[in-house]
Amino acid sequence: MTRLTCYFMRHCAAPFDQRASYVYTEVGMGVCSVSVSQLGTENHPYDVLIVGARCAGAPLGMLLSQRGYAVEMVDQMPAGTDTISTHWIRWPGVQQLRAWGLVPALEKTGCPPIASASLDFEGRVVAGRPRAGRTEAVTYAPRRTELDALLVSEARAKGARLRERFAVTGLIVLDGRVAGVLGTGPDGPVGLHARVVVGADGRNSTVARLVRSPVLEDRGVLARSLYGYWTGVAERGVRVVFRGRRGISLWPTNGDLTVVSLVFPPEEAPGPGRSALDEFYMSSLREVAEVGQALAGADLVSRPRSAAVRNARRRAHGPGWVLAGDAGHHKDPVSAQGISDAFADAAVLADALDAGLSGSAGLDEALAGYAATRDAQRLAAFSYTCEQAELRPFTAEFLEDLARTAADERAVEAFVNAFVGCDAPSDAGWLGESH
């Protein structure tokens with residue numbers, strides 16, 4: 001069984017000073033030792049070392065590098081490798097991309113704009129074109145192969161470095177503070193020193209595990225999902241259909257494809273075997289006439305992918321370390337908040353790190369402010385997502401209200417605006433509104 005082991009070593013060329021440091025690393029049963037020569041410790045520190053170069057880590061690397069900080073990103077996979085994802089970037093996330101000047105680049109990848117939404121609750125349909133003021137609220141649902149590669153490219157263009165195929169195996173700790181990471185890449189084992197280590201490495205974060213970041217709230221897995229890519233779907237907007245305790249969503253994405261997802265209660269999962277999963281996915285789609293009509297003449301071009309996401313949040317920071325994106329806060333994909341949340345974390349954390357590293361504020365104070373802001377922005381959405389992920393049957397009162405909404409043009413606009421996130425509050429500063 002894997003456990004954390006602490007052992008003592010000295011660095012003959014430590015970039016901070018010549019004092020001893022502790023190295024925490026994951027090993028098997030028993031205690032391992034690592035020599036200085038095995039570590040290949042580099043002789044210069046980075047300002048920030050980011051573990052994970054996707055929707056949280058890559059934008060953070062971009063924002064810090066363009067402010068003049070020395071940033072090193074590491075990731076276990078090459079840039080643009082596919083990953084499990086809900087795809088959709090809600091309106092707040094699109095606004096963040098727009099502020100970074102990246103929407104044109106995203107469109108050049110072939111990701112189509114989504115300008116309309118149709119929401120079907122047990123046959124009660126609310127459909128419209130969301131707007132933010134006088135602006136059409138266009139959203140996007142890109143393939144992660146395209147989005148992540150774009151974000152990494154922008155980070156590199158601003159000066160951030162990336163080590164691909166690099167696995168973090170431990171943390172360097174000096175005087176009680178995280179001061180770097182140990183890892184293994186194509187060139188072998190190495191120790192990388194940094195003033196701050198950021199864990200942006202997803203919901204199974206190695207950094208969170210190594211620093212023993214406590215879980216503040218854990219509601220477990222509330223739903224499961226399957227999704228596949230289809231060709232030949234005429235629908236160009238987003239369509240969501242709820243029947244019983246299942247939800248089906250259609251999103252246009254790159255390559256003239258549509259990602260079609262199915263969300264269902266864990267207890268309805270099919271029996272073991274890949275073929276059982278495939279048949280469950282297809283039969284669930286066929287059972288809904290409206291979905292069958294939308295997919296008439298379309299073809300599934302990939303085997304369905306499966307996801308079961310724990311709804312949990314961790315402490316976001318500690319001495320010399322901080323978590324961003326799913327590494328510190330992850331929730332069921334039913335509300336499609338993950339990518340937009342990762343972008344928000346990158347923006348707020350970049351300001352906090354700038355304040356802490358430049359000396360305009362204490363580093364620990366700045367990281368605590370980022371954590372407070374993160375929680376202020378996320379807690380309501382966390383509770384809402386958990387409620388939605390339970391997939392409870394809709395009440396008669398709710399369905400009656402939907403019927404009234406569908407008959408009122410202004411109510412329809414407000415409903416679809418809320419769905420895409422046009423009514424979301426703007427991000428607070430890094431110290432949070434309570435400060």
Side-chain angles (χ1 to χ4, degrees), residues 46-73 92-93 95-96 99-100 151 155 160 171 177-179 194-203 205 207-208 210-217 312-331 337-382 424-435:
Y46 300 98
D47 291 312
V48 180
L49 194 144
I50 302 171
V51 181
R54 291 189 181 269
C55 289
L60 179 62
M62 173 190 72
L63 294 171
L64 291 172
S65 295
Q66 68 185 15
R67 300 185 193 191
Y69 293 102
V71 177
E72 181 85 350
M73 304 183 299
Q95 287 294 87
Q96 192 65 74
W100 295 335
L151 296 173
L171 299 174
R177 299 184 67 86
V178 173
R195 297 169 68 185
V196 179
V197 171
V198 178
D201 46 344
R203 63 181 184 270
S205 170
V207 174
L210 289 172
V211 300
R212 306 187 207 188
S213 173
V215 175
L216 303 177
E217 186 174 6
R313 59 188 183 91
R314 293 180 175 274
R315 176 177 170 83
H317 74 102
W321 63 270
V322 63
L323 304 177
D326 281 352
H329 182 120
H330 48 85
K331 49 190 175 288
Q337 304 264 0
I339 296 176
S340 296
D341 284 355
F343 290 169
D345 278 4
V348 177
L349 182 53
D351 288 342
L353 286 171
D354 184 26
L357 295 173
S358 68
S360 63
L363 180 57
D364 291 342
E365 175 195 3
L367 295 183
Y370 155 75
T373 298
R374 184 204 68 166
D375 288 345
Q377 293 173 347
R378 302 281 186 277
L379 290 182
F382 183 81
S426 60
D427 291 336
W430 61 267
L431 279 178
E433 295 176 345
S434 62
H435 290 68

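All heavy atoms count here, side chains included; hydrogens, waters and symmetry mates do not.
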Side chain to side chain contact (heavy atoms under 4.5 Å, CB included) with [X]: which residues, sequence neighbours excluded?
| X | answer |
| --- | --- |
| A160 | S65, V71, M73, A155 |
| D354 | R67, Y69, S358 |
| R313 | L216, E217, H329, D375, L379 |
| R177 | P319, L363, D364 |

So how far is it from [X] [atom1] to [Y] [atom2], rounded to the nearest 0.5 Å?
| X | Y | atom1 | atom2 | result |
| --- | --- | --- | --- | --- |
| H330 | F382 | NE2 | CZ | 8.5 Å |
| D47 | L357 | CG | CG | 6.0 Å |
| L323 | R374 | CG | CZ | 7.5 Å |
| Y370 | D351 | OH | CG | 12.0 Å |
| Q96 | W100 | CD | CH2 | 4.5 Å |

(Q) Between Y46 and V197, does the side-chain contact (heavy atoms from CB on, under 4.5 Å) criterion hold? Intermediate values first, please. (A) CA-CA 9 Å; Y46 300 98; V197 171; over 6 Å; no

For [X] and [Y], indicate whether the former's side chain and the latter's backbone hold a donor-acceptor pair under 3.5 Å.
| X | Y | result |
| --- | --- | --- |
| S205 | D201 | no |
| R314 | A316 | no |
| S340 | P92 | no |

(Q) Just so I know, are the side chains of L353 and V198 near enough to count as touching, which here means a heavy-atom distance under 4.5 Å? (A) yes

Q) Should L349 and V322 count as side-chain neighbours, where that means a heavy-atom distance under 4.5 Å? A) yes

Expected list for residues 51-62: side-chain donor-acceptor pairs under 3.5 angstrom, two or more places apart:
| from | atom 1 | to | atom 2 | distance (Å) |
| --- | --- | --- | --- | --- |
| R54 | NH1 | T81 | O | 2.9 |
| R54 | NH1 | D148 | OD2 | 2.5 |
| R54 | NH2 | T81 | O | 3.1 |

Q) Can you name the nearest heavy-atom pair linking D345 to G325, along with the distance? A) OD2-N, 2.8 Å

Q.
How close do L367 and G318 get, counting heavy atoms only, and between which atoms?
A. CD1-O, 4.2 Å

Q) Which is it for V211 and V178 under the side-chain contact (heavy atoms from CB on, under 4.5 Å) test, yes or no, and what are the steps along the way? A) CA-CA 8 Å; V211 300; V178 173; 4.1 Å; yes

Q | side chain to side chain donor-acceptor pair (under 3.5 Å) partners for Q66, two or more places apart | A | none

Q: List for me each residue that meets salt bridge (Lys or Arg N to Asp or Glu O under 4.0 Å) alongside D341, sequence neighbours excluded, and say none if there are none.
A: K331, R378

